[in-house]
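Following: one structure in structure tokens, then a few remarks.
On a predicted model such as this, the values are computed, not experimentally measured, just so you know. Each chain gets a letter, A, B and so on, in the order its sequence line appears, and its residues count up from 1.
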Amino acid sequence: MYNINKDLANIFKKMAAIYEFLDDRFRAMAYQRAAHIIEDLPDDVRNYILTGKLYSIKGIGPSIASKIEEYVNTGKIQKYEELKKKVPEDFIELVDLPGFGPKTLKRIHDELGISTKEELIKALKDGRIEQLPGFGPKKVENMLKGLQMYELSKRRILLWEALEISRYLVDKLKKNLKEIKDIEVVGSVRRRKETIGDLDILVIAEDKDRTKIMDYFTSLPEISQILVKGPKKSSVVMKFEGKERQVDLRIFRKDEWGAALQYFTGSKQHNVHLREIAKEKGLKINEYGVYKADTEEKIAGETEESVYNAVGMDWIPPELREDRGEIEAALQHKLPELVELKDIKGDMHVHSTWSDGVNEIKDIAEFVKKRYGYEYIVITDHSKSQRVARGLDEERILKEIEEVKILNKMMGWDFIKIGTEVDILLDGSLDFPDEILSKLDWVVASVHSHFNRDNTDRIIKAMENPYVNVIGHPTGRLIGLREAYPVDMDAVIKKAKETGTALEINAQPRRLDINDIWIRKAVEEGVKLVISTDSHNLGNFAFMEIGVAQARRGWATKKDILNTKSWKEIQKFVEDKRKRLGGVLQKR
DNA sequence: GCCGTTTTCGGCCCGACTGTTTTCAGTCG
Ligand SMILES: Nc1nc2c(ncn2[C@H]2C[C@H](O)[C@@H](COP(=O)(O)OP(=O)(O)OP(=O)(O)O)O2)c(=O)[nH]1
Ligand SMILES: [Mg+2]
Ligand SMILES: [Mg+2]
Ligand SMILES: [Zn+2]
């Protein structure tokens, strides 16, 4: 069964855009919200219809629910088909461009009878649009610039890339402007979202220094365009390694720090919801503080905690701020105690020169132990089907097992554990016989082929093997390059629970697989997770941070994550499954 | 279109910057 949530969410987003164009803002908001909710659902909407839960989701009312059912039953939404006729097709895309709002487009359509992108460009150039009352030369110029930015407005970048750019920018600003008292990367980067649209930077400074800071910021050599520039807020387009990216900067006073941080971290939906609740309580929240609505008296804002406390909530970790129930949990003081980077005791998916890694096992072990202070690492090289990756056959992995034994003895530790990343073959069997697998400390099983077929059966069969401990990058998606292969993750999660198999949170920046939504679902179902870097070189071990961040975004606590546990406990996890499914136990 | 132990109707977050305006609407964060 293929997941139709994405298709449905896209339709609702388009309907929202159309309603904006038709000047029905609030209806547009309702559809936008519904689109977000459906995007975030872990299960296929059809399951929500079957269980009747669809109607109890906040934000989905009778009208939208019936449209969802209509789409499920007929593959179409009549209302959407009608709406499409009211708005030129091109305009639905154009409304996403900077400077192209619904009001602007509507007037151009109504007053000039323009309905294609081409006609619009022509009218911009021949002066017809400039003639319209309320329009002028600057506006036309900005719209033409907006059209150039078509690509920029679409593509998002990986969290890891955004973190690297952020660090570079923050260092540069801090180093060259001693007027900056404090600086923080906020927005989706602070929330550690898997992809990032633009970078948002918050600066604390005295009022008198604002102009100097903004002048410096807007004259950086990386800048290709200044979008807006004011005393408190500027937006620019910067070029990093040939690629353009928007950067927003806002300056606040020291005593506004908490409220500013809260506002600028978002998400938008989280902010709106928070502000609604404040309003119900007779308060007002903006980026400067929390105020009593009647007297305008400021009652909080110096710290983020003070802002949340003022409306009766516990402080909410940034990774949770997506309006996915964290506000309600914070009100009831029931937020989870999220797993932290410092809880991680080892990395359990690592490649060495035995397959496609660039470092020798000994060098990896010494580096990781010293740099990260882990208690263990598991070397998991590829199996023989991965020919380009120099995957190991039975003979070579037996040698690798020996090498690890010798290394541990030589170093006087038992830091290095030996495992494999064994291929799940087309029929769901594994690339090593059980006899080999039973000799290993840890087995990662991954799908590396046949991405177009539904792979649920292969993964389920692999999990039924008593020696498979975790499914590697379970959905196979590569962010921005390749969609997940068809797989019924509900069934996979259920089977994981049933067999005592863990699921991987692969921390490679392009994978982050499973994602935050599935992590949350797995946590709810009591399935254990392993956060792994899948390192192929020493630098890759740093990816652990964004893996942990995704776990946090999925509401995972320390107890949900296997590699926060001692090796003894991991061994117990391995043995439990072998016992349960009739495998052979290893001598300890 | 959605929602509600202060509302089943009348609200729906709040503010910075820009261009074109003689006082503010539109767009964006
Ligand atoms: N209250 C409020 N805050 C907003 C609104 N739009 C944006 N913000 C805040 C919350 C956002 O996280 C923050 C930065 O805005 P961005 O547009 O850059 O969004 P964000 O960084 O969350 O996602 P991105 O990856 O950039 O698409 O500004 C809004 O309409 N109302
Ligand atoms: Mg942003
Ligand atoms: Mg931004
Ligand atoms: Zn791997």
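Closest contact between the side chain of E287(A) and the listed nucleotides dG19(B), dA16(B), dG26(B) involves dA16(B). Closest to the side chain of R27(A), from the set dG29(B), dG1(B), dC13(B), is dG1(B). Distances were taken from every side-chain heavy atom of A30(A) (C-beta onward) to each of dG1(B), dG26(B), dG29(B); the shortest belongs to dG1(B).
Within the nucleic acid shown, Y263(A) comes within 4.0 Å of at least one base atom, counting heavy atoms only. Using a 4.0 Å heavy-atom criterion, one finds that K279(A) contacts the sugar-phosphate atoms exclusively. Using a 4.0 Å heavy-atom cutoff across all strands shown, N271(A) reaches no nucleic acid atom at all. Contacts of D24(A) with the nucleic acid, taken as non-hydrogen atoms under 4.0 Å apart, are absent. Residue contacts shown for G187(A) are absent, as no nucleic acid heavy atom lies under 4.0 Å away. Looking at heavy-atom distances under 4.0 Å, I285(A) makes contact with sugar-phosphate atoms alone, never a base. Among the heavy atoms of the strands lying under 4.0 Å from P231(A) are primed sugar atoms or P, OP1, OP2 only; no base atom is included.
To the nearest whole angstrom, the two C1' atoms, one in dC13(B) and one in dC28(B), are 14 Å apart. Spacing between dT20(B) and dT27(B) at atom C1', rounded to whole Å, works out to 14 Å. dC12(B) sits 13 Å from dT7(B) when the C1' atoms are compared, rounded to a whole Å. Taking atom C1' on both dT8(B) and dG4(B), the two are 8 Å apart, rounded to the nearest angstrom.
Ring-centre distance between Y288(A) and Y263(A): not below the 6.0 Å cut-off.
Along DNA chain B, the nucleotide nearest G136(A) and the nucleotide nearest K67(A) are compared for position; the residue whose nucleotide lies closer to the 5' end is K67(A). Residue order along DNA chain B, read from the 5' end via each residue's closest nucleotide, puts M214(A) first among M214(A) and F100(A).
Base pairing analysis places dT8(B) opposite nothing; no Watson-Crick or G-U wobble pair with both distances below 3.5 Å involves it.
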| request: Show your reasoning for whether side chain to side chain contact (heavy atoms under 4.5 Å, CB included) applies to Y216(A) and K172(A). | output: CA-CA 11 Å; Y216(A) 179 81; K172(A) 185 156 181 164; 3.9 Å; yes
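Within the 4.0 Å cut-off from OP1 or OP2 of dA16(B), at least one side-chain nitrogen or oxygen of K232(A) is found. Of the side-chain N and O atoms in K284(A), one or more sit less than 4.0 angstrom from OP1 or OP2 of dG15(B).
Geometric assessment of R27(A) against the ring of Y19(A) yields a positive cation-pi assignment under the 6.0 Å and 45° thresholds.
Separating the NZ atom of K268(A) from the P atom of dC12(B) is a distance of 15 Å, rounded to the nearest angstrom.
In this structure, F26(A) forms an aromatic stack with the base of dC12(B), since both conditions hold: centre separation below 5.5 Å and plane angle below 30°.
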